[in-house]
Amino acid sequence: MLTSTTSLCRPQRDHRLEQEHPKLCADFDIQLQRNKVRLASLKPRHGCRSLIARIRVINLCYEKEVFVRITQDGWSTFSDVHATFKRCTPRHNADEFEAKITVEAAGSAHRLSTAEFAVCFRSADGTAYWDNNYNKNYTIT
């Protein structure tokens, strides 16, 4: 299985997306059309303790709320990281959004060494569409 290795600010330890890199999946376009939202990539942000998530959203409506829901304590608590619009991708009739995810160091109060997350697109009528890695959530170690 291909994995995306992401390193946060040296000398921090390497963080790794535990699933196959989303855009490398053969069914990326099919899942984007089916779920209306899909994680496209997760990359380190240079000089920071954060990751940049690129998210594709089918263009169902003009107004969209796109966010990453992340936990580091097994879903006892979570936070929503709102994404900002970056560009249109006409090939997919989709928009691309970007969210900056900060992963806290393990050992902080109630923080695990693994973070889990899913991405959400909420349309103007309130309908929520999720990409949660086939009901397994994305994990970063």
Side-chain angles (χ1 to χ4, degrees), residues 1-89 91-141:
M1 178 191 320
L2 296 172
T3 58
S4 172
T5 302
T6 311
S7 134
L8 298 177
C9 294
R10 293 185 180 107
Q12 301 295 327
R13 72 179 195 83
D14 286 346
H15 281 59
R16 209 165 53 115
L17 179 65
E18 290 296 311
Q19 293 73 34
E20 188 171 25
H21 194 282
K23 236 176 142 181
L24 296 177
C25 296
D27 68 346
F28 179 85
D29 292 337
I30 294 167
Q31 290 301 319
L32 176 60
Q33 292 300 320
R34 182 177 296 147
N35 295 338
K36 313 300 185 225
V37 62
R38 191 86 165 111
L39 177 67
S41 67
L42 188 68
K43 296 181 180 180
R45 183 165 182 235
H46 298 290
C48 295
R49 296 185 52 175
S50 59
L51 304 165
I52 300 296
R54 290 196 183 252
I55 303 160
R56 293 258 174 96
V57 175
I58 294 296
N59 199 4
L60 297 178
C61 55
Y62 179 75
E63 290 187 35
K64 302 171 184 70
E65 179 186 12
V66 179
F67 59 91
V68 175
R69 180 161 289 173
I70 188 166
T71 184
Q72 286 187 257
D73 62 8
W75 298 106
S76 293
T77 62
F78 63 84
S79 60
D80 290 340
V81 179
H82 290 273
T84 56
F85 174 81
K86 286 300 173 188
R87 66 186 179 109
C88 295
T89 58
R91 177 177 165 248
H92 296 100
N93 185 33
D95 293 332
E96 188 170 275
F97 287 76
E98 192 174 271
K100 179 180 144 188
I101 302 170
T102 301
V103 180
E104 295 183 34
S108 301
H110 307 291
R111 298 293 179 217
L112 304 174
S113 60
T114 300
E116 293 180 74
F117 71 94
V119 295
C120 183
F121 153 43
R122 189 171 292 136
S123 64
D125 69 2
T127 304
Y129 302 93
W130 288 90
D131 173 15
N132 60 3
N133 191 33
Y134 307 100
N135 297 317
K136 296 180 281 187
N137 294 322
Y138 290 98
T139 56
I140 304 168
T141 58

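On a predicted model such as this, the values are computed, not experimentally measured, just so you know.
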Response to the item:
In terms of heavy-atom contacts, Ala99 and His82 come closest through CB-O, 4.2 Å
Worksheet item: With sequence neighbours left out, what residues match Tyr129 under ring-ring contact (aromatic ring centres under 6.0 Å, His included)?
Response: Phe121
Worksheet entry | Nearest atoms (heavy-atom pairs only) where Ile70 meets Ala115 | CD1-CB, 4.2 Å
Discussion item. Parallel, tilted or perpendicular: which one describes the rings of Tyr138 and Phe117, with boundaries at 30° and 60°?
Written reply: parallel
Discussion item. Please find the pair of heavy atoms, one from Ile58 and one from Gln33, that lie closest to each other, and give the distance.
Written reply: CD1-NE2, 3.3 Å
Worksheet entry | Validation row: Val37, Ile55 side chains within 4.5 angstrom (heavy atoms) | yes
Worksheet item: So, do Arg87 and Thr89 sit near enough that their side-chain heavy atoms are less than 4.5 Å apart?
Response: yes
Worksheet item: Rounded to the nearest 0.5 Å, what separation is found between the NZ atom of Lys64 and the CG atom of Asn59?
Response: 4.0 Å
Discussion item. Under the rule for side chain to side chain donor-acceptor pair (under 3.5 Å), what residues qualify as partners of Asp125, not counting sequence neighbours?
Written reply: Ser123, Thr127
Item to complete: Could you tell me the separation between the CZ atom of Arg34 and the CG atom of Asp29, rounded to the nearest 0.5 Å?
Response: 12.0 Å
Practice prompt. Identify, with sequence neighbours excluded, every residue that meets side chain to side chain donor-acceptor pair (under 3.5 Å) alongside Asp80.
Written response: Arg69
Worksheet entry | Over all atoms of both residues, closest heavy-atom pair of Ala40 and Phe28 | CA-CE1, 3.9 Å
Worksheet item: How long is the span from the CD1 atom in Ile140 to the CD atom in Gln72, to the nearest 0.5 Å?
Response: 8.0 Å
Worksheet item: Once you round to the nearest 0.5 Å, how far does CG of Asn133 lie from OG1 of Thr139?
Response: 7.5 Å
Worksheet item: What closest approach, in Å, do Ala124 and Cys61 show between heavy atoms, and which atom pair accounts for it?
Response: N-SG, 3.7 Å
Worksheet item: Distance from Asn137 atom CG to Asp131 atom CG, nearest 0.5 Å?
Response: 10.0 Å
Item to complete: Grab the two heavy atoms, one from Leu51 and one from Pro44, that are nearest each other, plus how far apart they are.
Response: CD2-CA, 4.0 Å
Discussion item. Looking at Thr71 and Thr77, would you say the former's side chain and the latter's main chain have a donor-acceptor pair under 3.5 Å?
Written reply: yes
Worksheet entry | From Lys86 atom NZ to Asp95 atom CG, the distance as rounded to the nearest 0.5 Å | 13.0 Å
